[in-house]
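Have a look at the structure below, then the notes.
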Protein chains: 2
Amino acid sequence: MEEGTSKSPGYTAVTDPEYCQKWDPREDCEVRQILDRIADKWSLLVIALLDLRSLRFTELRREIDGISQRMLTVTLRQLERDGLVRRTVHPVVPPRVDYELTPLGATLHDTIEALVNWTEAHRQEIASARDDYDRRAAAAAGELVDA
Amino acid sequence: MEEGTSKSPGYTAVTDPEYCQKWDPREDCEVRQILDRIADKWSLLVIALLDLRSLRFTELRREIDGISQRMLTVTLRQLERDGLVRRTVHPVVPPRVDYELTPLGATLHDTIEALVNWTEAHRQEIASARDDYDRRAAAAAGELVDA
DNA sequence: CCGAATCCCTTTAGATACTG
DNA sequence: CAGTATCTAAAGGGATTCGG
């Protein structure tokens, strides 16, 4: 166990201090901080859409059903700050702001695609797992009433 | 463009109605619903840890710095409901509850590893992008004061 | 008109005390 | 030990307003 680097690059023993430090949320720009940004409800959606083609603010808003203007603005600013998205303001009337992935943002393509594909591949299993769980929970609640 | 399935399985044109419906957050167990669960701050961390080995409640709590008991409980319940995590209660004193990935949960290994590896590989770029952004923002604020 | 900043209110997360 | 209950803090959504 002295080495343990060949099999799984990002994974080591849970008790490995280096592993724990890497995940420490207090360190600036450590894995947790970045993961919290990427693994975000809206960020992921924005990146997935911009990976197809560059879009305007309103186009994104229309595509992402349920997002508020405020959260779209906030999300885009965070992604811009992290260098994943480029924001281009066209000084025209009416105003036009285009958003596109930067080269860095584009490197997320494979990763996000993998995530989306996994989700699509397993949604039926998850749906039935939820049904099972809910049915059991309902049954357990029924027993409590009986008792 | 009639086919368009060879290159990128999960990706189609933004205006494709099927693509849009797939992402509709109102549909039960559609992609968005599942993605919101997987691509969650704590869920991802829990799954990554359980992918190494099964852990007890308190072990998870200790490993995931910053998580509250409540959010760990909530997260684990959601993952259990979705069939990704199995919860085993040992009827002993003091009580002992073990959490492990189900076979379904284990299939997330590659995907999550890819996400973690991407994060590790690009954290420097993101850190400098943030510095750039913040320095520019500060400079812009300075100009406003001057003006 | 579009993009975004602001205000207000609701929902959710986080901290802590308590229980089987 | 492994949670639940409760309270407080913060994030998110909606409507309005403003600047270009």
Side-chain angles (χ1 to χ4, degrees), chain A residues 24-26 32-33 35-46 49-50 54-81 85-100 133 137 140-141 143-144 147, chain B residues 24-26 32-33 35-37 39-46 49-50 54-81 85-100 133 136-137 140-141 143-144 147:
Chain A
D24 193 320
R26 288 161 300 193
R32 278 270 303 269
Q33 299 248 339
L35 217 49
D36 285 355
R37 172 84 2 102
I38 306 302
D40 168 75
K41 191 177 174 178
W42 303 123
S43 297
L44 213 62
L45 243 27
V46 169
L49 284 168
L50 291 181
S54 81
L55 290 164
R56 302 180 53 176
F57 184 89
T58 311
E59 287 177 321
L60 280 168
R61 186 158 137 58
R62 226 191 316 274
E63 292 296 335
I64 304 176
D65 199 281
I67 196 172
S68 63
Q69 319 170 117
R70 189 173 157 281
M71 285 317 294
L72 183 53
T73 302
V74 169
T75 301
L76 286 167
R77 284 290 182 288
Q78 289 174 334
L79 293 174
E80 192 194 357
R81 177 168 181 258
V85 161
R86 175 177 295 110
R87 177 170 179 268
T88 310
V89 182
H90 301 278
V92 295
V93 175
R96 177 192 180 94
V97 181
D98 283 319
Y99 291 92
E100 62 187 328
Y133 185 93
E143 282 182 24
L144 287 177
Chain B
D24 192 320
R26 288 160 300 191
R32 277 269 302 269
Q33 298 248 342
L35 217 50
D36 284 354
R37 173 84 3 101
D40 168 74
K41 188 178 174 176
W42 303 123
S43 297
L44 215 61
L45 243 26
V46 168
L49 285 168
L50 292 181
S54 81
L55 291 164
R56 303 178 55 175
F57 185 88
T58 311
E59 287 176 321
L60 280 167
R61 187 159 136 57
R62 226 191 316 274
E63 292 296 335
I64 304 175
D65 199 280
I67 196 171
S68 64
Q69 311 168 119
R70 197 176 87 80
M71 285 316 292
L72 182 53
T73 302
V74 169
T75 302
L76 286 167
R77 285 291 184 287
Q78 290 175 335
L79 292 174
E80 191 195 357
R81 177 169 181 259
V85 162
R86 175 177 296 111
R87 178 171 177 268
T88 309
V89 182
H90 301 280
V92 295
V93 175
R96 177 191 179 93
V97 180
D98 283 319
Y99 291 93
E100 63 186 328
Y133 185 93
R136 268 176 232 185
E143 282 183 23
L144 286 177

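Numbered from 1 within each chain, the chains take letters A, B, ... in sequence-line order.
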Can you tell me the distance, in whole Å, between the CD atom of B:Glu80 and the C1' atom of D:dG3? 13 Å
Return the value, rounded to whole Å, for the distance between atom CG of B:Asp36 and atom C1' of C:dA13. 16 Å
Which of the following nucleotides, C:dA4, D:dC1, C:dA15, is nearest to the side chain of A:Phe57? C:dA4
Roughly, in whole Å, what's the span from CG in A:Leu60 to C1' in C:dA4? 14 Å
If I take atom CE in residue A:Met71 and atom P in nucleotide C:dT6, what distance separates them, rounded to the nearest angstrom? 16 Å
If I take atom CZ from residue A:Arg32 and atom CZ from residue A:Arg37, how far apart are they, to the nearest 0.5 angstrom? 13.5 Å
When you measure from the side chain of B:Ser68, which nucleotide among C:dG14, D:dG3, C:dA5 comes out closest? C:dG14
Rounded to whole angstrom units, what separation is found between the CZ atom of A:Arg61 and the C1' atom of C:dC1? 14 Å
Give a yes/no on whether any side-chain N or O of B:Arg87 is located under 4.0 angstrom from OP1 or OP2 of D:dG3. yes
Rounding to an integer number of Å, can you tell me how far B:Arg96 CZ sits from D:dG3 C1'? 16 Å
Does A:Asp40 or B:Asp98 map to a spot on DNA chain D nearer the 5' end, using the closest nucleotide for each? B:Asp98
CG of B:Leu55 versus P of D:dC1: gap in Å, rounded? 15 Å
Tell me whether the OP1 or OP2 atom of D:dC1 has a side-chain N or O from B:Tyr99 closer than 4.0 Å. no
Expressed in angstrom and rounded to an integer, what is the separation of A:His90 atom NE2 from C:dC2 atom P? 15 Å
Can you tell me if the side-chain N/O atoms of B:Lys41 get under 4.0 Å from OP1 or OP2 in C:dG14? yes
Using heavy atoms to find the nearest nucleotide of DNA chain C for A:Glu59 and B:Val74 separately, return the residue whose nucleotide is more 5′. A:Glu59
Closest-nucleotide mapping onto DNA chain D: is B:Thr58 or A:Val92 further toward the 5' terminus? I mean the 5' end. B:Thr58
DNA chain C: A:Thr73 or A:Pro94, which has the more 5' nearest nucleotide? A:Pro94
In Å and rounded to the nearest 0.5 Å, what is the CD1 to CG distance from A:Ile64 to A:Leu55? 8.5 Å
Categorize B:Val97 for me: base, sugar-phosphate, or nothing, with a 4.0 angstrom heavy-atom threshold over every strand shown. sugar-phosphate
Less than 4.5 Å apart, side chain to side chain, heavy atoms only: is that true for A:Asp98 and A:His90? yes
Output the single nucleotide from C:dA17, C:dG14, D:dG19 whose closest atom is nearest the side chain of B:Gln69. C:dA17
Hits for salt bridge (Lys or Arg N to Asp or Glu O under 4.0 Å) against A:Asp36, two or more places apart or cross-chain, chain-then-number order -> none
Give a yes/no answer on whether the side chain of B:Arg77 brings an N or O atom under 4.0 Å of OP1 or OP2 in D:dG3. yes
Could you check which of D:dG19, C:dA13, D:dG12 has an atom nearest any side-chain atom of A:Pro95? D:dG19
Determine: side-chain N/O of B:Trp42 to OP1/OP2 of C:dG14, distance under 4.0 Å, yes or no. yes
Just verifying a value: how many Å separate A:Tyr99 OH and A:Leu72 CG, rounded to the nearest 0.5 Å? 7.0 Å
Got B:Ile67 and B:Leu45 here, is their nearest side-chain heavy-atom distance under 4.5 Å? no
Taking OP1 and OP2 of D:dT8, is either one under 4.0 Å from a side-chain nitrogen or oxygen of B:Arg70? no
